[in-house]
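Single-structure report; data block below.
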Amino acid sequence: MRKITYSQAFVEGLDYCMRKMRNFSLVGNEVMGLGPHRVHLERIWKTYPDRVRFPPTSEAAFSALAAGAAMSGEHVFCHLGAASFSFLSMTSIANEAATAHYASGGKIKVPVVFHMLHGLRIGGGTQHSVSPQAMYWNVPGLQIVLPSCARDAKGLVATAGLSENPTVMFTHDLLIGLEGEVPEKDYEIPFGKADIKRRGKDVTLVATSWMVQVSLEAAKILADEGIDVEVVDPRTLVPFDKKTLIASVAKTGRLVVADETHLSCGVTAEISAIVAEEAFQYLKAPILRVARPDVPTPFSRPLEDFITPTKEKIADAVRRVMRKP
Amino acid sequence: MRKITYSQAFVEGLDYCMRKMRNFSLVGNEVMGLGPHRVHLERIWKTYPDRVRFPPTSEAAFSALAAGAAMSGEHVFCHLGAASFSFLSMTSIANEAATAHYASGGKIKVPVVFHMLHGLRIGGGTQHSVSPQAMYWNVPGLQIVLPSCARDAKGLVATAGLSENPTVMFTHDLLIGLEGEVPEKDYEIPFGKADIKRRGKDVTLVATSWMVQVSLEAAKILADEGIDVEVVDPRTLVPFDKKTLIASVAKTGRLVVADETHLSCGVTAEISAIVAEEAFQYLKAPILRVARPDVPTPFSRPLEDFITPTKEKIADAVRRVMRKP
Amino acid sequence: MAAKPGLGKTASLRILERMLVIRRFEESLVEMSGEKLFKSHYHLYIGQEATAAAVVESLRPDDKLTTTHRNHGHVLARGAEPGRAYAEILGRATGLNGGRGGTLHMSDPDRGFLATSSVVGGCIGLALGGAYAQQRRGKGGVSVAFFGDGSLEEGISFESMNIAALWKLPAVFICENNGAGATGSSKGGFPSSLISAPRLAGIAESLAISSKQVDGRDVDAVHAAVSAGVARCRSGKGPVFVECITERWEGSKPMWPELSTGITDVSMAWDAGQVPVKFREWHTHQDPILLFVRKLLRKKLVTREAIVKVDREVRARDATARRFAVSSPMPHGKTALQRVFA
Amino acid sequence: MAAKPGLGKTASLRILERMLVIRRFEESLVEMSGEKLFKSHYHLYIGQEATAAAVVESLRPDDKLTTTHRNHGHVLARGAEPGRAYAEILGRATGLNGGRGGTLHMSDPDRGFLATSSVVGGCIGLALGGAYAQQRRGKGGVSVAFFGDGSLEEGISFESMNIAALWKLPAVFICENNGAGATGSSKGGFPSSLISAPRLAGIAESLAISSKQVDGRDVDAVHAAVSAGVARCRSGKGPVFVECITERWEGSKPMWPELSTGITDVSMAWDAGQVPVKFREWHTHQDPILLFVRKLLRKKLVTREAIVKVDREVRARDATARRFAVSSPMPHGKTALQRVFA
Ligand SMILES: Cc1ncc(C[n+]2csc(CCOP(=O)(O)OP(=O)(O)O)c2C)c(N)n1
Ligand SMILES: Cc1ncc(C[n+]2csc(CCOP(=O)(O)OP(=O)(O)O)c2C)c(N)n1
Ligand SMILES: [Mg+2]
Ligand SMILES: [Mg+2]
């Protein structure tokens, strides 16, 4: 199959939405960041010039605009830039978009996608490395989508764009240029279906976004040591596919969760808690978490490296759960 | 000992800070809400008229003002109103206040307290019932404080006000009028020391804020059934007292966490995950969570009741962990 | 803005009826609150009815609207069923929003309302989205935001006006400045605007938005300004800002509303002797309903009898609506888990 | 604002030196970026040096300042050690902030800087806090916010100006409008301001803030406006807003800075023949350093020799600073877990 980058696949997903829905439009700059891959968006700008708007640096208002337009029958894909900028529009996302359907008694629909770039991107420092997906997972009413490869990006963008519900979507900076096999044809990837990115029988390793790639590398290292890791990518946190997770843990009896959100109340916490609550009987070892520690992100390279979840740290956690009885 | 309300005790804590630090001031309206207990604040307004400011409805700016003043040598107690309004100042809290000390290489201190009202208060609906403490727990650099009774309010306000670090403090609406024994003298309650609000040997029940009161009632019901519950109140989430938590679980072998934050990535998730990671060997049963379900908060009373963590729901979870082997 | 002919008889009567619907609704509501039929803080529109009633007169069915914590008047003016509005405030299953919104979030999407936010300034950002949708649709629809003077303290209001102006969106910003006479939180009342702008319209003007200040108690003044503004919007010339100034109604000054000026009797418009002395200032100079009635009589557009008749009908319908709400069932608890997602 | 005597010889030379320190620093930085000595996007102040250098001339040691992603010029103008500034951008342990901030968050708290935010508009809210602290202290100190035109798109800027005006806080808002000639993101460059205000100062004025617009390349103009504004602040009359207008420097138009106008030679000020044709517009009409040098020569305040000498010394110090930074150690990885809390 042809190989293209995440950014190209992402743009194909957007293009599909544009073709499929005349009321679909894009509000935001630089959907694929400021690096060289930003150019792929030009295709969208040029093909649909009246359906792309570059807003001022007014995150609160243009997020509210996106939500309000969605309530008025539009489908809006709204790009916020670095995820830390979404804190400027937290009220528009959490207070408004997330609650409108519910508080209106189901009368209002809010088909809006808030897309942002997250993650340790090397040199991003305190304000350009934020991964707030766990904070949004704590806000009911939002779907949460984390593509981890080019193929998923295309299908998940399509599903998010077509969805009738507010969706928060995260792209990891390091994924943007990653190549992968992507079908030519249009397709949608259903929400709430985890993807087993590697089958294994010894340990369940759950990861999202860029951490899926890192986990797959960890699994390779471990395979050489005779440890057979199953890498589960939930793909969407809301809705969350408990079934696949629990089936995997039932098989392996061991769980490691790798994620770039900060440790406390992060994505690793919720996945661990689900299993400790609903699959406790299968567990043969403690549930280990490989997360970003609870420190702001330092700029300096050795400091940033120290707090980055790496394949070595993941492999080490897997070895530890294997050692326990 | 004399009994006073949470709101009176809270104000005594503020008064202590005012007396102790000439550079301590208050920015914000209605620190104890809009109900009858708001009047206790008048004492502060009248005694320190030049150290109290009522800002416009500009949460982002007056939170940044508080943080910036703190960076300039002031101690600021900043009241935000309902916790949902803190979403308007998320950038000032999470992007600015939380990171400044770290990113400046430790040169800048940010002695600011962001105080807000949280919780299901009956009839608060989607935008006046928010409990976002878990979202803030996912932001490194913030201390998180949750008084659960009048006595704790006084001592924790004192410690928060004097602290050199940014602190987010939550008052549950239903605690404001609650009476309790409170010493006359000034005192500070150290952060990072959990308080065992009731000793017991069968099950560890962790709760914060108003849920501590509800958990104590649940423990009474259960005591009649012969189940001896230990109620642990962490009092601060950051710093978090793992030692007391783990010692309790080591003793009881069973854990229930009760909290009003929404289930996913909420406070219950983190506490569960800590134990599943670090005290797994003591566990005799799954870790159960009693949290607010992942739905926006409905206005109508029967709907709100349905999603409220109650003593019955907590008691039921405790019974379930007792039944498991 | 082109000059418009004044309001004729039919329109005037329609507007008066709207105002009475709102007034009777809220008078009843204070009673229902006293009867503890609902538990939550709430906000009344009494004293501001002229604004909502006149604004909707210029709108089309396909126009969009947003409102705030003080929404009753806007929703009713646009024609929402009072029975379902009461039911909403009482948390009943038959409420406009199934009882999930309550007074703070009451909305009537079937009449063009987007979500009702009680976050100050929230409605302005959402209305901006309505305007964006209207522009994309290209049918000349507009999007109206009703908001208080205090909302201009929130940065999102400024951001939204900027975007509306940049993109020439058909947004109609109706700022209801009820600041005159508000107590302010330091005196134990709800705060009102803390804005250093000598003129609120000056903020909009600094962003090159066409703006106008009018007496918000004066139906004709509001209608003239808004209809000209709406026409401008429909023609693609971009947003307009109309500041409607009212005195803060006495009953809205304390933390919880009080029926401080009593139940309005329309005959007070012509029979001042009836008015208790302590309410005289309000009834003579501020109550927009009595002011409008007096004007209509003066202009001989209607008779006293016609007014009394309209009012009687409005009251009868109000009583029916109230009964409908009070006898409506509460929703079932477990339905709380439904409708998180469409 | 009372008339002030113009800048004398000593002050002018001091300001010129500051401008040269900044220019040499950033010219070196582009080289260091080319050598891959640091990895992150960064923003240069070239073309705007007159503003920072003139503003700090009116400040006292106890004044507070905040800056943005484009902070190098402000921090250096206030006297930060260039060696430690380079070290910060290179992530070294000896950096002003131990390498934790990097270019986007470089701050020199010992010289009155609060945290440096790269969130657009963030610095304005923090500076408001500095002004609040200064007012509480009551010693006549001020708080200066340096920010770009784009920051006015963020609502927090509007909110902050409102609060400053309401409370008469000694806040000096320095808006560096480098918007003229910016490419805009649609052309693959950083966006610049999208504000519907015909005049940025009109926004401040709508909030009754005293404001002034000046040529940001003109040291004397900036100094005159800012020193009058600062004096006003110190006397308790409330905030001031100064808009300093510059052309966007060619090298800052692409996504990553380029030394598009070459290394500045001060002698180009008097020897236009040296200037390559493609840079001539920049060197003749825009480069604030060459403009200032020509003015000083014209006013006979300094000689060419004196200027060459200052520049030579600045370059020598720059070379030392650069060596210091490059030879400084990186911090130890595990120290990343320290200093989350004081
Ligand atoms: C973001 C936010 N902050 C604070 C509040 C609390 N609050 C409720 S009503 C109100 C005053 C609003 O004034 P205005 O917009 O003029 O409306 P009015 O009530 O005067 O009609 C405030 C501050 C809120 N609802 N939302
Ligand atoms: C809240 C936020 N949104 C978006 C950005 C991305 N961004 C970085 S610089 C910039 C332009 C800022 O323009 P201006 O304030 O005029 O400063 P200049 O770079 O022109 O000096 C933007 C939008 C950001 N840093 N913060
Ligand atoms: Mg008002
Ligand atoms: Mg600019």
Side-chain angles (χ1 to χ4, degrees), chain A residues 22-25 27 50-51 53-76 78 88-112 140-143 163-167 191-192 238-239, chain C residues 64 66 88 93 95-102 104-110 112-137 141 143 145 154-164 166-167 169 171 331 336 338-342:
Chain A
R22 286 172 57 94
N23 59 345
F24 180 86
S25 62
V27 171
D50 55 335
R51 289 159 73 182
R53 279 282 171 80
F54 303 109
T57 315
S58 311
E59 287 80 3
F62 75 72
S63 299
L65 176 144
M71 294 175 194
S72 312
E74 295 290 303
H75 278 245
V76 186
C78 174
L88 285 85
S89 50
M90 190 58 102
T91 187
S92 303
I93 301 173
N95 283 330
E96 314 298 357
T99 64
H101 181 68
Y102 193 84
S104 70
K107 286 187 177 171
I108 293 169
K109 286 181 188 155
V110 195
V112 57
L142 300 172
Q143 299 179 138
S163 166
E164 294 288 352
N165 292 307
T167 304
F191 287 180
V238 180
Chain C
K64 299 291 178 190
T66 66
E88 184 57 34
L96 280 170
N97 311 108
R100 285 155 179 249
L104 291 178
H105 302 288
M106 185 159 77
S107 167
D108 193 350
D110 297 332
F113 282 90
L114 312 188
T116 297
S117 177
S118 68
V119 168
V120 167
C123 70
I124 302 182
L126 297 179
L128 184 72
Y132 172 90
Q134 296 286 26
Q135 188 182 65
R136 290 219 54 226
R137 204 168 294 144
S143 175
E154 292 288 2
I156 193 172
S157 312
F158 178 82
E159 294 181 356
S160 298
M161 290 196 285
N162 181 40
I163 294 177
L166 282 171
W167 296 355
L169 300 181
Q338 296 162 4
R339 304 218 161 138
V340 177
F341 292 111

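In the text below, chain A, chain B and the rest are named by the order of the sequence lines, each starting its count at 1. These numbers come from a predicted model, not from an experiment.
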If you count heavy-atom pairs within less than 4.5 Å of chain A, which of [options] leads?
options	result
C:Gly121, C:Gly130, C:Ser160	C:Gly130
C:Ala115, C:Ser118, C:Ser157	C:Ala115
C:Pro109, C:Gly155, C:Gly101	C:Pro109

Considering non-hydrogen atoms only, spot the tightest contact between [X] and [Y] and give its length.
X	Y	value
C:Phe113	A:Ile108	O-CD1, 4.3 Å
C:Leu96	A:Lys107	O-NZ, 2.8 Å
A:Ser25	C:Tyr132	OG-OH, 2.5 Å
A:Glu96	C:Gly122	OE2-CA, 3.5 Å

Does any backbone or side-chain atom of [X] lie under 4.5 Å from a heavy atom of chain A? Answer side chain, backbone, both or neither.
X	result
C:Gln134	neither
C:Ala145	neither
C:Ile124	neither
C:Ser117	both
C:Glu154	neither
C:Phe158	neither

From [X] [atom1] over to [Y] [atom2], what is the distance, rounded to the nearest 0.5 angstrom?
X	Y	atom1	atom2	answer
A:Ser104	C:Arg100	OG	CZ	9.0 Å
C:Arg136	A:Ser72	CZ	OG	12.0 Å
C:Arg137	A:Asn23	CZ	CG	8.5 Å
C:Leu126	A:Ser92	CG	OG	7.5 Å

Taking atom CZ as the centre, does A:Arg22 end up with more than 12 heavy-atom neighbours from other residues, nucleotides or ligands that are less than 6.0 angstrom away?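 Not buried by this count: 12 neighbours or fewer within 6.0 Å.
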With C:Phe341 as partner, the option from A:Gln143, A:His101, A:Lys109 fulfilling side-chain contact (heavy atoms from CB on, under 4.5 Å) is A:Gln143
Please flag which part of A:Leu142 lies under 4.5 Å from any non-hydrogen atom of chain C: side chain, backbone, both or neither.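 Only the backbone of A:Leu142 comes within 4.5 Å of chain C.
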Answer with side chain, backbone, both or neither: which region of A:Val238 has an atom nearer than 4.5 Å to a non-hydrogen atom of chain C? side chain
Greatest number of heavy atom pairs closer than 4.5 Å to chain C - which of A:Ala61, A:Ala67, A:Ala64: A:Ala61
State whether the side chain of A:Glu164 and the backbone N or O of C:Ala342 hold a donor-acceptor pair below 3.5 Å, judged by distance alone. no
Output yes when a side-chain donor or acceptor of C:Arg339 lies under 3.5 Å from a complementary backbone atom of A:Gly105, and no otherwise.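 Yes, the answer is positive, given that a donor and an acceptor are paired below the 3.5 Å cut-off.
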Within a strict 4.5 Å, meaning less than it, do heavy atoms of the A:Pro55 and C:Trp167 side chains meet?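 In short, these two side chains touch, coming nearer than 4.5 Å.
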